[in-house]
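These notes are about the structure you will find just below.
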Amino acid sequence: MQNEDLTITDLDENARQTALSDFAHFYIRHYRTNDLEILSQFKVDYAMNDINMYLYANKYFSPDELVAGVLANKSDLFLTILKTVNLAYNASGVLKDLTWDGWYKQQYVGIPEGK
């Protein structure tokens, strides 16, 4: 099972929580710099809008409070985004071949000039 590509839905509960937490930290960092356009390519605007409303309403929370709160209240929306992006994970819930920042850079570089 170690070498098998796992999706977010294949992970056990602990691994899924790790994956959600890693993604939430990534998402909030990009939310705060108004830099979520790459994710909007994946047709998850409805999930992002709801998450962003929660983050805006709680903008004075510390990063750790935001992550805890958004995972407690919006984890189903993060799960929807992760299912749509559809990356491979290790059994521990960590992305298999790259980090979220590495993935973001790959997506950014792939954008055609003039778009």
Side-chain angles (χ1 to χ4, degrees):
M1 187 174 210
Q2 287 292 70
N3 293 328
E4 209 176 301
D5 282 352
L6 301 172
T7 66
I8 189 70
T9 56
D10 296 327
L11 300 176
D12 66 29
E13 188 59 33
N14 287 334
R16 187 173 297 157
Q17 289 307 314
T18 297
L20 287 168
S21 178
D22 287 349
F23 182 69
H25 280 92
F26 163 82
Y27 188 97
I28 290 169
R29 203 168 48 250
H30 284 275
Y31 169 82
R32 286 190 161 175
T33 58
N34 197 26
D35 197 18
L36 289 168
E37 294 84 7
I38 298 294
L39 281 173
S40 65
Q41 297 180 103
F42 289 89
K43 307 298 182 218
V44 290
D45 291 348
Y46 64 94
M48 291 176 63
N49 288 338
D50 200 14
I51 292 167
N52 293 351
M53 286 174 51
Y54 176 87
L55 295 175
Y56 180 78
N58 298 290
K59 62 185 168 190
Y60 298 111
F61 284 10
S62 73
D64 289 339
E65 289 173 321
L66 268 180
V67 168
V70 80
L71 289 177
N73 294 291
K74 305 294 179 184
S75 64
D76 57 327
L77 296 172
F78 278 127
L79 191 57
T80 297
I81 294 170
L82 293 177
K83 285 178 185 176
T84 304
V85 173
N86 195 28
L87 295 177
Y89 292 86
N90 292 322
S92 64
V94 175
L95 286 178
K96 184 171 181 180
D97 295 321
L98 60 154
T99 63
W100 279 109
D101 289 328
W103 172 83
Y104 186 89
K105 287 175 187 169
Q106 280 182 348
Q107 296 297 309
Y108 187 82
V109 168
I111 297 173
E113 286 285 324
K115 294 240 173 178

Close side-chain approach of Y31 and I51, heavy atoms under 4.5 Å
no
- Is a side-chain N or O of S21 found less than 3.5 angstrom from the main chain of Q17, in a donor-acceptor match? no
Problem - R29 side chain near D101 side chain, heavy-atom distance below 4.5 Å - result: yes
(Q) With a 4.5 Å cut-off on side-chain heavy-atom distances among I, L, V, M, F, W and Y, is there a chain of contacts connecting Y104 to L36? (A) yes
Notebook entry, point to check: Is there a path from V85 to Y108 through hydrophobic residues (I, L, V, M, F, W, Y) whose side chains come within less than 4.5 Å of each other?
Noted result: yes
#### Entry: Donor-acceptor contact present, side-chain D10 to main-chain T7, <3.5 Å
yes
- So do the side chains of Q106 and I38 get within less than 4.5 Å of each other, counting heavy atoms only? no
**Asked** Does D22 reach the side chain of Y89, with side-chain heavy atoms less than 4.5 Å apart?
**Response** no
One should read off an interatomic distance between N58 CG and E65 CD, to the nearest 0.5 angstrom, of 9.5 Å
side-chain contact (heavy atoms from CB on, under 4.5 Å) between R32 and L66, worked out: CA-CA 11 Å; R32 286 190 161 175; L66 268 180; 3.3 Å; yes
Between G93 and L11 the two heavy atoms that sit nearest each other are CA-CD1, 3.9 Å
To the nearest 0.5 Å, atom CG of D97 lies from atom CG of L87 at 9.0 Å
With a sphere of 6.0 Å drawn around CG of N34, does it hold more than 12 non-hydrogen atoms of other residues, nucleotides or ligands? no
Q.
Could you walk me through whether E37 and Q41 satisfy the side chain to side chain donor-acceptor pair (under 3.5 Å) test, starting with their C-alpha distance in whole Å, then the side-chain angles of each, then the deciding distance to 0.1 Å, before giving a yes or no?
A. CA-CA 7 Å; E37 294 84 7; Q41 297 180 103; over 6 Å; no
Residues at least two apart in sequence or cross-chain that pass side chain to side chain contact (heavy atoms under 4.5 Å, CB included) with A24, listed by chain then number, are V67, V70, L71, F78
Can you get from L79 to V94 by hopping between Ile, Leu, Val, Met, Phe, Trp and Tyr side chains that sit under 4.5 Å apart? no
When you look at Y27 and M48, which way does the side-chain contact (heavy atoms from CB on, under 4.5 Å) test go after all the steps? CA-CA 10 Å; Y27 188 97; M48 291 176 63; 3.5 Å; yes
Heavy atoms of A47 and I81 approach each other most closely as CB-CG1, 4.0 Å
Subject >> Main-chain N/O of S92 paired to N90 side chain as donor or acceptor, under 3.5 Å >> reply: no
Next on the checklist: Donor-acceptor pair, distance only, cut-off 3.5 Å: does the side chain of T99 make one with the backbone of L95?
Outcome noted: no
Self-check item: Whether S75 side chain and A72 backbone form a donor-acceptor pair below 3.5 Å
Solution: no
Residue pairs meeting ring-ring contact (aromatic ring centres under 6.0 Å, His included), one or both in residues 33-60, sequence neighbours left out, come to F42-W103
OG1 (T84) and CD1 (I8) are apart, to the nearest 0.5 Å, by 11.5 Å
- Query: Under the 3.5 angstrom rule, does the side chain of R16 hit a backbone N or O of T9 as a donor-acceptor pair?
  - Reply: yes
